[in-house]
**Student:** 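This structure is in structure tokens; I'll ask about it shortly.
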Amino acid sequence: MKMGGGAKPFGVDADRVPALVRRIIAAGADWRGFHIYAGSQALDAEAIIAMQAQTLALAAELAEAVGVAPPKVNLGGGFGIPYFPGDTAFDLNAVGGALGQALSDLPAILKDTHFCIELGRYLVGEAGVYLCRVIDRKVSHGETFLVTDGGLHHQLAASGNFGTVIRRNYPVAIATRFDAPADEVQSVVGCLCTPLDRLSDSAILPHAKVGDLVAIFCAGAYGASASPANFLGQGAALEMLV
Ligand SMILES: Cc1ncc(COP(=O)(O)O)c(C=O)c1O
């Protein structure tokens, strides 16, 4: 998801920043520096390296225009995680190596600046598992639905309704049947009265029954906090830190 450049509702246009910072400093505030955020869920190390290089260049350019060195520069997040078949984790060593090189070769105005990156998804996404229970097994026009007590009010991102262009299934399993063969096409849906409430579409899973638990993996980021918990009144997800 690209979140920098062009017309954006979020953040401050780069060409307005120098005047804004000068005004902040002139007002006597303790200006702490720049927070530059370009986007989320990048899996291409070369793209992340290029983004960080451009971020450093932009920070230097803005600092020169202000005429003051920034005490801190936040280089944003954007480190993605593999959700879907064919996704592969990006090369963290390559990104680290390039960033180390860039930080050892900084423009003069950034020589005393402290840098940080602000990761969200990369730190917690793969650590989270969303569990819900099958409460009905329904066949409609030949398609089998595992109706669960969960849904998009707990896990909007897995339902594909959180900024996804093409809906794809998060990794999914029947957590009470890990040993059984995955040999049946079943769709996992939530309990809300909307066709958007689909947690996994036509996945190949072990035959599941009422009472089985469904596990949706990679659920630790943009989960409960990014979902409409009150929508249709089924209750919020229970979050547990193990
Ligand atoms: C300003 C800012 N920093 C950090 C993040 C975290 O991003 P990510 O999930 O790519 O790590 C976001 C997410 O939108 C953000 O808006």
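Atoms within each ligand, like the ligands themselves, are counted from 1 in listed order.
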**Student:** Do Tyr222 and ligand 1 have an N or O pair less than 3.5 Å apart?
**Tutor:** yes
**Student:** Answer with yes or no after comparing the ring centroid distance for Phe34 and Phe115 against a 6.0 Å cut-off, counting only values under it.
**Tutor:**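 Not under 6.0 Å, so no.
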**Student:** Would you check, one step at a time, whether the test salt bridge (Lys or Arg N to Asp or Glu O under 4.0 Å) holds for Arg167 with Asp201?
**Tutor:** CA-CA 9 Å; Arg167 193 205 171 286; Asp201 191 31; 5.2 Å; no
**Student:** Got the closest protein heavy atom to atom 1 (C) of ligand 1, with its distance?
**Tutor:** His35 NE2, 3.5 Å
**Student:** Please verify the inter-ring angle class for Phe84 with Tyr170; under 30° counts as parallel, over 60° as perpendicular, anything in between as tilted.
**Tutor:**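 Perpendicular: the ring planes of Phe84 and Tyr170 meet at over 60°.
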**Student:** With a cutoff of 4.0 Å, is Gly78 in contact with ligand 1, counting heavy atoms of the residue only?
**Tutor:** yes
**Student:** Enumerate the atoms of ligand 1 whose separation from the nearest heavy atom of Ser40 is less than 4.0 angstrom.
**Tutor:** 8 (P), 9 (O), 10 (O)
**Student:** Counting only heavy atoms from other residues, nucleotides and ligands, does the tally under 6.0 Å from CZ of Arg23 exceed 12?
**Tutor:** no
**Student:** Just to confirm my output: which protein heavy-atom neighbour is closest to atom 2 (C) of ligand 1, and how far is it?
**Tutor:** Tyr37 CD1, 3.5 Å
**Student:** Atom 16 (O) of ligand 1: which protein heavy atom is closest, and how many Å away?
**Tutor:** Phe10 CZ, 3.3 Å
**Student:** Quick check on contacts: which atoms of ligand 1 are under 4.0 angstrom from a heavy atom of Leu119?
**Tutor:**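 Taking each heavy atom of Leu119 in turn, ligand 1 has 11 (O) under 4.0 Å.
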**Student:** So for atom CD1, which belongs to Ile204, do other residues, nucleotides or ligands contribute more than 12 heavy atoms lying within a distance under 6.0 Å?
**Tutor:** no
**Student:** State, with a plain yes or no, whether a side-chain heavy atom of Cys191 is found less than 4.5 Å away from one of Thr148.
**Tutor:** no
**Student:** Give a yes or no on whether Asp183 atom CG has more than 12 heavy-atom contacts from other residues, nucleotides or ligands under 6.0 Å away.
**Tutor:**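 Counting neighbours around CG of Asp183, more than 12 heavy atoms of other residues, nucleotides or ligands fall under 6.0 Å, so yes.
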**Student:** Identify the closest protein heavy atom to atom 3 (N) of ligand 1: which residue and atom is it, and at what distance?
**Tutor:** Glu118 OE1, 3.0 Å
**Student:** Is Gly120 in polar range of ligand 1, meaning some N or O pair under 3.5 Å apart?
**Tutor:**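 Looking only at distances, the answer is yes, because the N/O contact criterion of under 3.5 Å is met.
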